[in-house]
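The following block contains the structure, expressed as structure tokens.
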Amino acid sequence: MQSRGSSHRLSSMGNNRSRIPALLISMFATFASIYVAGRLWQDAENRVYLIKELDRITGQGQSAISVDDTLKIIACREQHKKLDALETELSAARQEGFVSKPLIETNGTYSRRRPLVVIGILTKFGRQKNRDAIRKAWMGSGSSLKKIEDGKGIIVRFVIGRSENRGDNLDIDIDRENRLTNDFIILDNHVETNDALPKKAKLFFAYAADKWDAEFYAKVNDDVYVNIDALGATLAAHLDKPRVYLGCMKSGEVFSELNHKWYEPEWWKFGDKKSYFRHASGEMYVISRALAKFISINRSILRTYAHDDVSAGSWFIGLDVKHVDEAKFCCSSWSTGAICAGV
């Protein structure tokens with residue numbers, strides 16, 4: 001009896017010991033199943049997210065996503081972060097007006113990497129005496145012209161188109177003069193005619209903006225004398241304005257009479273009172289870099305009127321532009337501190 005009882009107890013203990021490992025294995029399997037299920041659920045969520053991201057970026061319908069696609073999405077997300085950072089910097093730049101550090105003046109010279117102003121003197125065939133007078137009076141030539149560019153950041157060029165009879169003596173004379181002076185902008189795509197000055201002014205601004213990244217661009221007639229130092233000082237005071245239009249502002253009468261000297265073919269567009277909007281006088285006016293770039297980009301669709309000054313004024317009416325009526329740009333008489341004078 002004693003041996004049977006002992007055998008029974010040993011058997012029961014053996015059975016209990018065998019159940020414990022089984023229980024542990026069962027519990028481990030349960031926890032493992034829960035863990036794996038959780039991971040699969042998380043992976044499934046990530047997969048759905050990545051597929052949605054891929055669909056959003058590529059515009060494709062739902063499809064299985066590959067490792068390469070996943071890497072592309074990750075790369076795209078990194079690029080988005082970089083773009084967000086750049087947009088933040090761009091926003092800050094906009095608030096500052098896209099202007100660089102102020103101009104530094106030292107003994108009457110202006111030192112900076114970007115030119116201060118590009119001056120285009122609009123000239124015609126048969127006006128070499130005017131050009132020679134300007135070279136002697138204020139523009140300079142050769143090394144003196146180069147000195148103004150390097151020392152003051154002021155680039156000056158005569159602007160002319162081509163003859164109606166391409167390659168004739170008029171073109172030959174200009175090419176010969178330019179070889180001697182190297183101070184022309186020759187607009188090969190512009191034909192010199194009496195009524196083409198507005199288009200010529202537009203092409204000058206577009207050409208200059210494409211060639212030189214200056215702070216300002218000025219249009220001047222070839223019968224105007226310019227005080228370079230006064231011009232530099234005046235423009236330096238407006239470097240904080242990103243879109244500025246400077247000149248001797250006026251608003252004259254619109255003439256509808258066909259035989260009138262200042263006849264405006266589009267007179268009916270200016271209303272019943274027939275008065276032009278405010279614009280800078282055509283002897284000399286200045287625009288900032290942003291406006292010159294605007295003209296360059298939109299040159300093919302910007303409308304021109306009978307006069308270049310009216311045309312330029314019309315281009316800026318619908319823009320957020322600061323109009324500066326500066327008496328120093330009124331070239332009718334030379335006075336103390338004046339920038340220009342007509343002759």
Side-chain angles (χ1 to χ4, degrees), residues 114-135 138-142 145-146 148-149 153-224 226 265 282-316:
R114 178 180 289 134
L116 176 63
V117 60
V118 177
I119 302 175
I121 307 170
L122 273 60
T123 188
K124 301 177 181 178
F125 296 120
R127 306 270 289 186
Q128 184 173 353
K129 290 183 178 180
N130 288 54
R131 294 190 290 271
D132 287 340
I134 286 175
R135 291 184 182 107
W138 62 270
M139 174 181 170
S141 59
L145 179 62
K146 180 67 173 174
I148 293 176
E149 293 183 13
I154 298 176
I155 298 169
V156 189
R157 295 290 187 273
F158 291 107
V159 183
I160 197 166
R162 286 299 187 182
S163 170
E164 291 182 283
N165 302 311
R166 181 64 67 97
D168 63 6
N169 288 334
L170 296 176
D171 283 345
I172 292 173
D173 290 343
I174 289 296
D175 289 336
R176 182 187 300 113
E177 184 180 346
N178 190 38
R179 283 194 297 270
L180 294 173
T181 61
N182 194 31
D183 57 7
F184 276 87
I185 293 173
I186 299 178
L187 303 172
D188 286 318
N189 60 339
H190 175 71
V191 176
E192 286 288 332
T193 59
N194 292 331
D195 58 352
L197 185 59
K199 180 182 177 183
K200 183 176 177 180
K202 179 174 66 171
L203 292 177
F204 156 67
F205 285 122
Y207 177 94
D210 292 344
K211 184 174 178 61
W212 293 286
D213 185 29
E215 296 287 358
F216 300 98
Y217 301 82
K219 177 264 176 180
V220 181
N221 288 343
D222 68 354
D223 57 357
V224 170
V226 177
E283 287 87 356
M284 181 178 186
Y285 54 89
V286 181
I287 61 175
S288 59
R289 182 173 69 257
L291 299 185
K293 294 291 185 184
F294 170 80
I295 294 173
S296 175
I297 293 170
N298 298 284
R299 71 187 77 178
S300 63
I301 59 174
L302 288 176
R303 183 75 171 83
T304 56
Y305 294 95
H307 314 296
D308 73 282
D309 51 0
V310 173
S311 299
S314 72
W315 301 333
F316 311 137

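Numbers for residues simply follow the sequence, beginning at 1. No experiment lies behind these values; they were computed from the predicted model shown.
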Can you see which heavy atom on I119 is nearest to which on F204, and at what distance?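 Scanning both residues completely, I find the closest heavy atoms to be C-CZ, 4.1 Å.
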May I ask you to test the I160-L187 pair for a side-chain heavy-atom distance under 4.5 Å? no
Hey, are the side chains of I295 and F316 touching, using non-hydrogen atoms and a 4.5 Å cut-off? yes
Say whether, by atom type as modelled, one donor and one acceptor occur between the side chain of D308 and the main chain of A201 under 3.5 angstrom. no
Heavy-atom pair of closest approach, residues R157 and L145: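 The pair with the smallest heavy-atom distance is NH1-CD2, 4.1 Å.
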Would E164 and V191 satisfy side-chain contact (heavy atoms from CB on, under 4.5 Å), going step by step from the backbone distance to the final call? CA-CA 6 Å; E164 291 182 283; V191 176; 3.3 Å; yes
May I ask you to decide if D223's main-chain N or O and N221's side chain share a donor-acceptor pair within less than 3.5 Å?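 Not confirmed, N221 side chain does not pair with D223 backbone.
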L291 vs W315, side-chain contact (heavy atoms from CB on, under 4.5 Å): CA-CA, chis, key distance, verdict: CA-CA 9 Å; L291 299 185; W315 301 333; over 6 Å; no
Starting at CG of N130, measure out to CG of D222 and round the result to the nearest 0.5 Å. 5.0 Å
Please list, chain by chain and in numerical order, all residues satisfying side chain to side chain contact (heavy atoms under 4.5 Å, CB included) with K146, sequence neighbours excluded.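 Scan of K146 (side chain to side chain contact (heavy atoms under 4.5 Å, CB included), adjacent residues dropped) gives E149, D150.
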Where do E177 and Q128 land on the side-chain contact (heavy atoms from CB on, under 4.5 Å) test, with the steps shown first? CA-CA 9 Å; E177 184 180 346; Q128 184 173 353; 3.8 Å; yes
Please name the pair of heavy atoms, one in V286 and one in A218, separated by the smallest distance, quoted to 0.1 Å.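 Taking V286 first and A218 second, the nearest heavy atoms are CG2-CB, 3.7 Å.
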Could you check D168 against S163 for side-chain hydrogen bond (donor to acceptor under 3.5 Å, both in side chains), going step by step and ending with a plain yes or no? CA-CA 7 Å; D168 63 6; S163 170; 2.7 Å; yes
Could you verify whether a donor N or O on one side chain and an acceptor N or O on the other, from R131 and T123, lie under 3.5 Å apart?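 Yes, side-chain donor-acceptor contact under 3.5 Å.
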Please round to the nearest 0.5 Å and tell me the distance separating atom CD1 of I287 and atom OH of Y217.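 Those atoms lie 8.5 Å apart.
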Interatomic distance, CD1@I185 vs CG@N178, rounded to 0.5 Å, equals 10.5 Å
Y207 versus N189, side-chain donor and acceptor atoms under 3.5 Å: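 No, no side-chain donor-acceptor contact under 3.5 Å.
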List the residues meeting side-chain hydrogen bond (donor to acceptor under 3.5 Å, both in side chains) with S288, not counting sequence neighbours, and say none if there are none.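 Not a single residue meets the side-chain hydrogen bond (donor to acceptor under 3.5 Å, both in side chains) criterion with S288.
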In the structure I gave you, are the side-chain heavy atoms of N169 and I172 within less than 4.5 Å of one another anywhere? yes
Could you tell me which residues satisfy side chain to side chain contact (heavy atoms under 4.5 Å, CB included) with F294, sequence neighbours excluded, listed by chain and number? N298, L302, L319
Is there a side-chain contact (heavy atoms from CB on, under 4.5 Å) between V226 and M139 once you walk through the steps? CA-CA 8 Å; V226 177; M139 174 181 170; over 6 Å; no
Could you tell me whether R303 sits above the aromatic face of Y305, with NZ or CZ closer than 6.0 angstrom to the six-membered ring centre and within 45 degrees of the axis? yes
Under the side-chain hydrogen bond (donor to acceptor under 3.5 Å, both in side chains) test, which residues partner R179, sequence neighbours left out? none
Test item: R166 side-chain N/O and D188 main-chain N/O as donor-acceptor pair under 3.5 Å: yes
Any side-chain heavy atom of I186 sitting closer than 4.5 Å to one from I174? yes
By the ring-ring contact (aromatic ring centres under 6.0 Å, His included) test, which pairs, at least two apart or in different chains, include something from residues 162-181? none
Please tell me if the side chains of E215 and R114 come closer than 4.5 Å, counting only heavy atoms from C-beta onward. yes
What pairs meet the side chain to side chain donor-acceptor pair (under 3.5 Å) rule with one or both residues in residues 195-205, with sequence neighbours excluded? E192-K200, T193-D195
Decide side-chain hydrogen bond (donor to acceptor under 3.5 Å, both in side chains) for T181 and D183; before the verdict, give the C-alpha distance in whole Å, the side-chain angles of both, and the deciding distance to 0.1 Å. CA-CA 5 Å; T181 61; D183 57 7; 2.6 Å; yes
For residues A209 and S296, report the shortest heavy-atom separation together with the two atoms involved.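 Result for this residue pair: CB-CB, 4.3 Å.
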When rounded to the nearest 0.5 Å, the distance separating CG of D309 from OH of Y285 is 6.5 Å
Could you walk me through whether F184 and F158 pass ring-ring contact (aromatic ring centres under 6.0 Å, His included), step by step? CA-CA 5 Å; F184 276 87; F158 291 107; 5.7 Å; yes
Electrostatic pair K129:D132 at N-O distance under 4.0 angstrom: no
Which atom pair, heavy atoms only, marks the closest approach of G120 to V159?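 Looking at all heavy atoms of both residues, the shortest contact is CA-CG2, 3.8 Å.
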Identified salt bridge (charged side-chain N to carboxylate O under 4.0 Å, His left out) partner of D210 from the options R299, R289, K293: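 The residue from R299, R289, K293 that satisfies salt bridge (charged side-chain N to carboxylate O under 4.0 Å, His left out) with D210 turns out to be R299.
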Closest non-hydrogen atoms of H307 and P198, given as atom of the first, atom of the second and distance, are C-CG, 3.6 Å
